[in-house]
Amino acid sequence: MFNMLMKFKATKFAGMFEATNSSEPCFVEFVPTIGWVATFDKLNAKGNVVGGEEEYFKTAKDAIKWLETKVSFTVEMEKV
């Protein structure tokens, strides 16, 4: 979804998407009054949230580009 390096799946909430290949929880959400919101959570070794960031964008592509600079993620190569 979104045709970017970081991949996302729809969540049970309308307009909210969760990254499937990030090292920490990442989300992009469309909020009609704001636009696209990108968020990520920083986790400690025990898996507890100890920080994170949130930023607002006009497009989902810009939101994902920002997340890709903040959180590590994996990319799988397709065999052709």
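In the hydrophobic clustering, where aliphatic and aromatic side chains (Ile, Leu, Val, Met, Phe, Trp, Tyr) are joined below 4.5 Å either directly or transitively, Val49 groups with Leu43. Membership of the apolar cluster around Tyr56 extends to Val31, Ile34, Val37, as traced through chained side-chain contacts below 4.5 Å between ILVMFWY residues.
Residue pairs satisfying the side-chain hydrogen bond (donor to acceptor under 3.5 Å, both in side chains) criterion with at least one member in residues 29-40, sequence neighbours excluded, are absent. For residues 19-28, the pairs satisfying side-chain hydrogen bond (donor to acceptor under 3.5 Å, both in side chains) are Ser23-Ser72, Glu24-Lys42, with sequence neighbours left out.
Residues forming a salt bridge (charged side-chain N to carboxylate O under 4.0 Å, His left out) with Glu53 (at least two apart in sequence, or on another chain): Lys70. For Thr59, the side-chain contact (heavy atoms from CB on, under 4.5 Å) partners are Lys61, Asp62, not counting sequence neighbours. By the ring pair (Phe, Tyr, Trp, His ring centres under 6.0 Å) test, Phe17 pairs with Phe2, sequence neighbours left out. Scored by the ring pair (Phe, Tyr, Trp, His ring centres under 6.0 Å) test, Phe57 finds Trp66 as partners (sequence neighbours excluded). Partners of Thr11 according to the side-chain contact (heavy atoms from CB on, under 4.5 Å) rule, which considers only residues two or more places apart in sequence or in another chain, are Phe13, Met16, Glu18. For Glu68, the salt bridge (charged side-chain N to carboxylate O under 4.0 Å, His left out) test picks out no residue, with sequence neighbours left out. Partners of Lys65 under the salt bridge (charged side-chain N to carboxylate O under 4.0 Å, His left out) rule, at least two apart in sequence or in another chain, do not exist in this structure. The side-chain contact (heavy atoms from CB on, under 4.5 Å) check on Lys46 picks up Asn44, Asn48, with sequence neighbours excluded.
In terms of heavy-atom proximity, Phe73 sits nearest to Val75 at CE1-CG2, 3.6 Å.
Residues Phe27 and Ile64 are members of separate hydrophobic clusters, defined by side-chain heavy-atom contacts under 4.5 angstrom among Ile, Leu, Val, Met, Phe, Trp and Tyr.
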